[in-house]
2 protein chains.
Amino acid sequence: MINNYSSEDKVLLAVDCIIFGFDEEDLKILLIRRGFEPEKGKWSLVGGFLKSEETLDDAARRVLERYTGLSDVYMEQLAAFSEVDRDPADRTISMAYYALINIKEHNEKLIKQFSANWFSVSQAPSLIFDHDKMVHFAIRRLRTRATTRPIGFELLPEKFTMRQLQKLYEAIWDTTLDKRNFINKIRSLDIVVKLDEKDKKSSRKGSFLYQFDPSKYDKKAAEGFMLKL
Amino acid sequence: MINNYSSEDKVLLAVDCIIFGFDEEDLKILLIRRGFEPEKGKWSLVGGFLKSEETLDDAARRVLERYTGLSDVYMEQLAAFSEVDRDPADRTISMAYYALINIKEHNEKLIKQFSANWFSVSQAPSLIFDHDKMVHFAIRRLRTRATTRPIGFELLPEKFTMRQLQKLYEAIWDTTLDKRNFINKIRSLDIVVKLDEKDKKSSRKGSFLYQFDPSKYDKKAAEGFMLKL
DNA sequence: GCAAAAGTGTTATGTCTACACCCATGT
DNA sequence: ACATGGGTGTAGACATAACACTTTTGC
């Protein structure tokens, strides 16, 4: 017998992606108007079905690239959603993924083509199926990840100011932080380098730009440190 | 059109369970000798296929009950494993779950019937497919969960001594802890109650028994505390 | 010269860690 | 009486949190 599993049920497996971006003020997610039934025209996460010759990570990357034009992006598997009637059209199980992208880099044309839109997480419309649950799950995960790993940098341009970084963390946790304590903490982590350039868009004085240093981070991570803000 | 998804691939979805127990000394996992091809006779996690009328959580509970006789157990979804060739017999994706059970309560007969065995996590044999990866993933998750939530109690009898609790945490983290600091920490959390009974099995003097108090914990959890040991 | 954001240190508080001795009991 | 594991408190180190004023420069 080659295959013992022939009597078992097969199901459709989808991936849905919560794509986070940051616009210097708010934490945002990318949503599209669904182009087909059921629930055509309603707001939805971007998603697609797993093909039998790819892994779930492959599928998630394929979906992400299709809707943003971006590859090589920070992504993480979140959780499977499997309520029996979650999709009225057919029995589908969905693996939720979340991605962190630099909001300036995605392909504007694709966004228009798919009637996609960025929404602040606090002002997003309600979504089809169980997608709202997925978004909440993703925000929770993002918050815990941000306390242990420097994932925030994925959401910023390569060069950023301390103010931007602070605002990002404030957006992720929906809180306010003291700027002196914040800067001291970041400096003590020793994972960013201060550049000689200043960003003068935000103020007359201009503020110094910083850059995340992956090699410094890797060294720190190997020692088993933790990032608590 | 009732179903737009008819052209999409369907796959087999399995659940595999890492079942943790604690025998007062070591953290253990329950493994079985696989009863069918491929890899018949090799050590494996307990698992089964998702049926189309149940959720993944249902399937995991069904598997757990089948092999241990236990229901109403702490379980948590871990992650999906989806390498294309992970199971040579057919394209299957597996959702890993982990469960924490009181090792004294499982059904001994079932264990024998399925040629199952408890192994210390440090001495487990190597497993079929990607099950070793699943186990490592589960241990990592267990360690992080144990720092934020009092899941350890799931692995102990209802009444336990501080010594048992400490040994459990030492086993989870593979470390040693100072007993005074440990007890002070647990007391400061205010989620266990000290009983008037003593357990005299472990020493001549006997040691006081404690009990986890879910209502105290819920109150604490609502305030958003964290458990760091 | 003034408005607007950037930059910078210190102190008090709380938390974590290390550490050693007496107690109760069964044999 | 002694061996075995149970139980208890404190002081120093460390990390966190609170806090206000000066600097730069474009207008």
Side-chain angles (χ1 to χ4, degrees), chain A residues 23-25 143 146-148 150 156-157 159-171 173-211 220 223-229, chain B residues 23-25 143 146-148 150 156-157 159-171 173-211 220 223-229:
Chain A
D23 69 352
E24 320 266 297
E25 280 303 325
R143 284 182 181 161
T147 62
T148 53
L156 291 173
K159 300 173 181 179
F160 51 85
T161 66
M162 278 292 169
R163 203 42 151 220
Q164 288 174 296
L165 186 61
Q166 183 180 342
K167 278 189 171 170
L168 169 58
Y169 277 96
E170 289 177 339
W173 286 314
D174 191 24
T175 184
T176 58
L177 300 168
D178 178 272
K179 68 177 169 176
R180 280 169 294 188
N181 291 341
F182 182 80
I183 290 177
N184 288 338
K185 182 58 149 239
I186 296 293
R187 270 210 270 264
S188 75
L189 292 173
D190 191 30
I191 55 174
V192 297
V193 289
K194 188 176 188 170
L195 305 175
D196 275 336
E197 305 168 59
K198 281 191 161 190
D199 171 63
K200 312 207 58 159
K201 282 191 295 292
S202 63
S203 74
R204 295 177 172 134
K205 184 177 176 182
S207 53
F208 281 103
L209 288 163
Y210 291 77
Q211 202 164 6
K220 282 266 170 180
E223 297 161 12
F225 84 118
M226 278 222 165
L227 181 74
K228 286 178 252 174
L229 300 158
Chain B
D23 70 352
E24 320 265 297
E25 279 304 325
R143 284 183 181 161
T147 64
T148 54
L156 292 173
K159 299 172 181 179
F160 51 86
T161 67
M162 278 292 169
R163 202 43 149 219
Q164 287 175 295
L165 186 62
Q166 183 180 343
K167 278 190 170 167
L168 169 58
Y169 277 96
E170 288 177 340
W173 285 314
D174 192 23
T175 184
T176 57
L177 301 168
D178 179 272
K179 66 178 170 176
R180 280 169 294 189
N181 291 342
F182 182 79
I183 290 177
N184 287 339
K185 183 56 149 240
I186 296 292
R187 272 211 269 265
S188 77
L189 294 173
D190 191 29
I191 55 175
V192 296
V193 290
K194 188 176 189 172
L195 304 175
D196 275 334
E197 303 168 62
K198 280 191 161 189
D199 171 64
K200 311 206 60 161
K201 283 192 293 293
S202 61
S203 76
R204 296 182 170 129
K205 182 176 175 182
S207 54
F208 282 104
L209 288 163
Y210 290 77
Q211 203 164 6
K220 282 266 169 180
E223 295 160 14
F225 84 119
M226 280 222 165
L227 181 74
K228 287 179 250 175
L229 299 160

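Please read these numbers as outputs of a predicted model, since none were measured by experiment. Below, chain A is the first sequence line, B the second, and so on; all start at residue 1.
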* For the helix from C:dG1-D:dC27 to C:dT27-D:dA1, figure out the bend between the end axes, five pairs an end, and round to 10 degrees. => 10°
* To do: Return the value, rounded to whole Å, for the distance between atom CZ of A:F208 and atom C1' of C:dA6.
  => 10 Å
* Residue list, side chain to side chain contact (heavy atoms under 4.5 Å, CB included) with A:E25, at least two apart or on another chain -> A:D23, A:K167
* Please walk me through it: do A:D190 and A:K220 pass side chain to side chain contact (heavy atoms under 4.5 Å, CB included)? -> CA-CA 8 Å; A:D190 191 30; A:K220 282 266 170 180; 4.1 Å; yes
* Asked: With sequence neighbours excluded, what pairs up with B:D178 under the side chain to side chain donor-acceptor pair (under 3.5 Å) test?
  -> none
* **side chain to side chain contact (heavy atoms under 4.5 Å, CB included) assessment of B:L177 paired with B:Y169** => CA-CA 8 Å; B:L177 301 168; B:Y169 277 96; 4.1 Å; yes
* Structure fact -> Hits for ring-ring contact (aromatic ring centres under 6.0 Å, His included) against A:F182, two or more places apart or cross-chain, chain-then-number order -> none
* **Between D:dG5 (P) and B:Q164 (CD): distance, integer Å** => 15 Å
* Asked: Can you tell me how far CD of B:E24 sits from OG1 of B:T161, rounded to the nearest 0.5 angstrom?
  -> 7.5 Å
Report each atom pair, protein N/O against N/O of nucleotides 23-27 of chain C, whose distance is under 3.5 angstrom.
residue, atom, partner, partner atom, Å
C:dC23, O2, B:K205, NZ, 3.2
C:dT25, O3', B:R204, O, 3.4
C:dG26, OP1, B:K200, NZ, 3.4

* Measure the NZ-CG distance between A:K179 and A:N181 for me, rounded to the nearest 0.5 Å. => 12.0 Å
* **Set of residues satisfying side chain to side chain donor-acceptor pair (under 3.5 Å) with respect to A:N184, sequence neighbours excluded** => none
Distances under 3.5 Å only, N/O to N/O: pair up the protein atoms with those of nucleotides 8-15 of chain D.
residue, atom, partner, partner atom, Å
D:dT8, OP2, B:R187, NH2, 3.4

* To do: Specify the separation, in whole Å, of atom CZ of B:F182 and atom P of D:dG6.
  => 13 Å
Using nucleotides 12-14 of chain C, report all nitrogen or oxygen pairs with the protein that are shorter than 3.5 Å.
none

* To do: Starting from C1' on D:dG6, measure out to CG on B:L209 and report it in whole angstrom.
  => 13 Å
* Shortest non-hydrogen contact from A:L195 to A:F208? -> O-CD2, 3.6 Å
* For A:I183, check side chain to side chain contact (heavy atoms under 4.5 Å, CB included) against everything at least two apart and list the hits. => A:M162, A:R187
* Asked: Expressed in angstrom and rounded to an integer, what is the separation of A:Q166 atom CD from C:dA5 atom C1'?
  -> 12 Å
* To do: Could you list the residues that satisfy side chain to side chain contact (heavy atoms under 4.5 Å, CB included) with A:T176, not counting sequence neighbours?
  => A:E170
* Sorted by first residue and then second, give each side chain to side chain donor-acceptor pair (under 3.5 Å) pair with at least one member in residues 191-200 of chain B; sequence neighbours left out. => B:K159-B:E197, B:D199-B:K201
* Asked: Does C:dA6 have OP1 or OP2 sitting under 4.0 Å from an N or O in the side chain of A:R163?
  -> yes
* Structure fact -> By side chain to side chain donor-acceptor pair (under 3.5 Å), A:D174 pairs with (sequence neighbours left out) none
